[in-house]
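Each remark here refers to the structure printed beneath this line.
Along the sequence shown, residues are numbered consecutively beginning with 1. These numbers come from the heavy atoms of this one structure, side chains and all, not from hydrogens, waters or symmetry mates.
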Amino acid sequence: MSAPFVSFKPAKYYKGKESYVGFFALDPASNQLKRIKVKVNHVSGVRERSRYANHLVFVINQKLYSGWNPLVEKLSKNAGTTIRQACQKFMRDKSDLRPDSLRSYKSYTNILLKWCENNGIADNICITFDKHTAQRFMQSLAIGKSARTFNNYLKHYQTMFHYLIDCEIITENPFSVIKPKKADIKIRKMIPSDDRAIILDYFRSRNMNEFIVMMKLCFKCFIRPKEIKMLKILHINYHDRVLDMPPEITKNHHERVVPLTDDLMDYFISIRDQDKNRYIFSAGFRPGKKMMATHAISNAWSEMRSKLKLPASYQFYSLKDTGITEMLEAGVPAKYVKELADHHSLEMTEKYTHRSEAKKILEWNRLEF
């Protein structure tokens, strides 16, 4: 049976030429007990010095038994915070994120906490989670994961531990030494107009008009699938013929105003009298009280692609890539496409075209599905 883990040795009064109160505390840097001395020679008189030293012993031991560690206290203001407590604090402070982002944050944070629990370190202070521990953790995550997924995990934990630095819980980010993997090449591919026509006929033949509306929102308005899921009837501005998308449902947390084409407005007018708090696309892709299932769009798209024997590189999100590319090639300036596509930078938008000179501006809503 192994000896119990010791994090300190109680204080005692040591008399002699150098009188002091001595005790041992765990040094988080070396994970070894380190002697600490508090000199009491400055108190004159043997009796007074003894009284002072014994009181000091009592106070120090009370603090040691309650979890105090002066070596941890020197590191940073809140260095006594455990990994479990840090995870809980991080999630409390992120509770105002939009639902999809919050779910991702919870998942990533719970994976870290579970790994720490399995390795018996969840209740250790955060400073003990060093770069070597971070590397072991990321190596365990890398098994069976794509480079893109690995990098998403890494980005989350770098963000989380940078937050702990801001909170004065740690002083260095253990994930900063880990380099992202070379990203996988996107398998998404542009969908040419002939194949788009075949896809359109497929969904028309099954009376899936609502799904066609979602495709057009992605192709013409560059609205992402996760954003489509969260759209509500109250986001439709009938007067200005736009979608007013609040920051809590957009990927980049920017408020977006998205112009709507006539065919999209025709559909939205048909649901105008329904409860404004209903999701535009719920069960069966029709308006409803509950948000559409997470994989509803991808499942319907995959089934179509399988039946039509179309390549796997034709993804639902390919509609957005295709629409952006065709709009740029039609001559719409990249700065306008950037705003509509909600890109972080103009460089991101310009990746969709190789043309150095644009044609004359053509209105975006003249694109044909």
Short side-chain donor-acceptor distance under 3.5 Å, Tyr314 and Asp195 = yes

Run the numbers on Cys218 and Ile223 for side-chain contact (heavy atoms from CB on, under 4.5 Å), then give the verdict.
-> CA-CA 5 Å; Cys218 192; Ile223 301 179; 5.9 Å; no

Would you check if Ile199 and Met215 make a side-chain contact, meaning some heavy-atom pair closer than 4.5 Å?
-> yes

Can you check whether Glu227's main-chain N or O pairs, donor with acceptor, with Thr250's side chain at less than 3.5 Å?
-> no

List the steps, then state whether side-chain contact (heavy atoms from CB on, under 4.5 Å) holds for Arg305 with Gln315.
-> CA-CA 9 Å; Arg305 195 175 55 206; Gln315 299 183 17; 4.1 Å; yes

Verify the ring-centre separation between Phe175 and Phe161: is it less than 6.0 angstrom?
-> yes

Salt bridge (charged side-chain N to carboxylate O under 4.0 Å, His left out) pairs touching residues 273-291, sequence neighbours excluded, are Glu210-Arg286

Would you kindly confirm whether Leu234 and Met230 end up in one hydrophobic cluster when ILVMFWY residues are joined by side chain heavy atoms under 4.5 Å apart?
-> no

Single hit among Leu231, Leu243, Ile269, Val242 for side chain to side chain contact (heavy atoms under 4.5 Å, CB included) with Ile236 | Leu243

Taking all non-hydrogen atoms of both residues, which atom of Asn173 and which atom of Ser176 are closest, and how far apart?
-> O-OG, 2.8 Å

Knowing that exactly one of Glu326, Met327, Lys320 qualifies, which makes a side chain to side chain contact (heavy atoms under 4.5 Å, CB included) with Phe219?
-> Glu326

By side chain to side chain contact (heavy atoms under 4.5 Å, CB included) - contacts of Phe58 (at least two apart) | Gln62

Donor-acceptor pair between Tyr108 and Asn152 side chains, under 3.5 angstrom | no

Any residue meeting ring pair (Phe, Tyr, Trp, His ring centres under 6.0 Å) with Phe137, in chain and number order, not counting sequence neighbours | Trp115, Tyr157

Ignoring hydrogens and angles, tell me if any N or O in the side chain of His156 forms a donor-acceptor pair with the backbone of Tyr153 under 3.5 Å.
-> no

Should the heavy atoms of other residues, nucleotides or ligands under 6.0 Å from NE2 of His42 be counted, would the total exceed 12?
-> yes

Cluster overlap Val21 with Tyr52, hydrophobic side-chain contacts below 4.5 Å = yes

Checking Asn61 side chain against Ala11 main chain: does a donor-acceptor pair fall under 3.5 Å?
-> yes

Taking only residues two or more places apart in sequence or in another chain, which ones pass salt bridge (Lys or Arg N to Asp or Glu O under 4.0 Å) with Arg241?
-> Asp262

Is the backbone N or O of Val43 less than 3.5 Å from a side-chain atom of Arg49, with the two atoms forming a donor-acceptor pair by type?
-> yes

Smallest separation among heavy atoms of Asp263 and Lys220, with atom names | OD2-NZ, 3.3 Å

Quick one: do Phe129 and Ile121 satisfy side-chain contact (heavy atoms from CB on, under 4.5 Å)? Show the steps, please.
-> CA-CA 8 Å; Phe129 196 102; Ile121 62 172; 4.2 Å; yes

Please work out whether the ring planes of Tyr105 and Phe90 are parallel, tilted or perpendicular, with thresholds of 30° and 60°.
-> parallel

Sorted by chain and number, sequence neighbours left out, side-chain hydrogen bond (donor to acceptor under 3.5 Å, both in side chains) with Asp244 holds for Asn237

Excluding sequence neighbours, so at least two apart, what forms side-chain hydrogen bond (donor to acceptor under 3.5 Å, both in side chains) with Glu48?
-> Arg51

Find out if a path of hydrophobic residues (ILVMFWY) with successive side-chain heavy-atom gaps under 4.5 Å connects Tyr202 to Leu310.
-> yes

Does any pair with a residue in residues 121-145 pass salt bridge (charged side-chain N to carboxylate O under 4.0 Å, His left out), and if so which ones, sequence neighbours excluded?
-> Arg84-Asp123

Of all heavy-atom pairs between Pro70 and Ile36, which one has the smallest distance, and what is that distance?
-> CG-CD1, 3.5 Å

Which atoms form the tightest heavy-atom contact between Phe203 and Ala300, and what is the distance?
-> CZ-O, 4.2 Å

Kindly state each residue pair satisfying ring pair (Phe, Tyr, Trp, His ring centres under 6.0 Å) with at least one member in residues 268-293, sequence neighbours excluded.
-> Phe211-Phe285

Does the Thr81 side chain pair with the main chain of Gln85, one donor and one acceptor, at a distance under 3.5 Å?
-> no

Count the heavy atoms of every other residue, nucleotide or ligand shown that sit under 6.0 Å from CD of Glu172, and state whether that count exceeds 12.
-> no

Does the side chain of Pro246 come within less than 4.5 Å of His235's, by heavy atoms?
-> yes

Smallest separation among heavy atoms of Leu264 and Lys216, with atom names | CD2-CB, 3.9 Å

Without hydrogens or angle criteria, can the side chains of Thr322 and Thr325 be said to hold a donor-acceptor pair below 3.5 Å?
-> no

If Ile, Leu, Val, Met, Phe, Trp and Tyr residues are connected whenever their side-chain heavy atoms lie under 4.5 Å apart, and connections chain through other members, are Leu200 and Met214 in the same group?
-> yes

Do Asn209 and Tyr267 pass the side-chain hydrogen bond (donor to acceptor under 3.5 Å, both in side chains) test, and can you show the C-alpha distance, the side-chain angles, and the key distance before you say yes or no?
-> CA-CA 9 Å; Asn209 296 325; Tyr267 174 73; over 6 Å; no

Mind checking whether Phe150 and Ile143 sit in one hydrophobic cluster, side chains of I, L, V, M, F, W, Y counted as touching below 4.5 Å?
-> no

Mark yes or no: Arg272 above the aromatic ring of Tyr238, with NZ or CZ under 6.0 Å from the six-membered ring centre and no more than 45 degrees from the axis.
-> yes

Could you list the residues that satisfy side-chain hydrogen bond (donor to acceptor under 3.5 Å, both in side chains) with Glu303, not counting sequence neighbours?
-> Lys307

Donor-acceptor contact present, side-chain Ser50 to main-chain Val46, <3.5 Å | no

Are the side chain of Ser302 and the backbone of Asn299 linked by a donor-acceptor contact shorter than 3.5 Å?
-> no

Quick one: side-chain hydrogen bond (donor to acceptor under 3.5 Å, both in side chains) partners of Ser107, sequence neighbours excluded?
-> none

For Ala25 and Asn69, which heavy atoms make the closest approach, and how far apart are they?
-> CB-OD1, 3.7 Å

Do the side chain of Asn41 and the main chain of Ser19 share a donor and acceptor less than 3.5 angstrom apart?
-> yes

Among all residues two or more places apart in sequence or in another chain, which pass the salt bridge (Lys or Arg N to Asp or Glu O under 4.0 Å) test with Lys39?
-> Glu18

The single option from Asn110, Thr109, Leu164, Thr82 that satisfies side chain to side chain contact (heavy atoms under 4.5 Å, CB included) with Cys87 is Thr109

Quick one: name the residues clustered hydrophobically with Tyr20, using the 4.5 Å side-chain heavy-atom rule over I, L, V, M, F, W, Y, and just say none if it's on its own.
-> Tyr14

Between Ile60 and Leu56, is any pair of side-chain heavy atoms under 4.5 Å apart?
-> yes

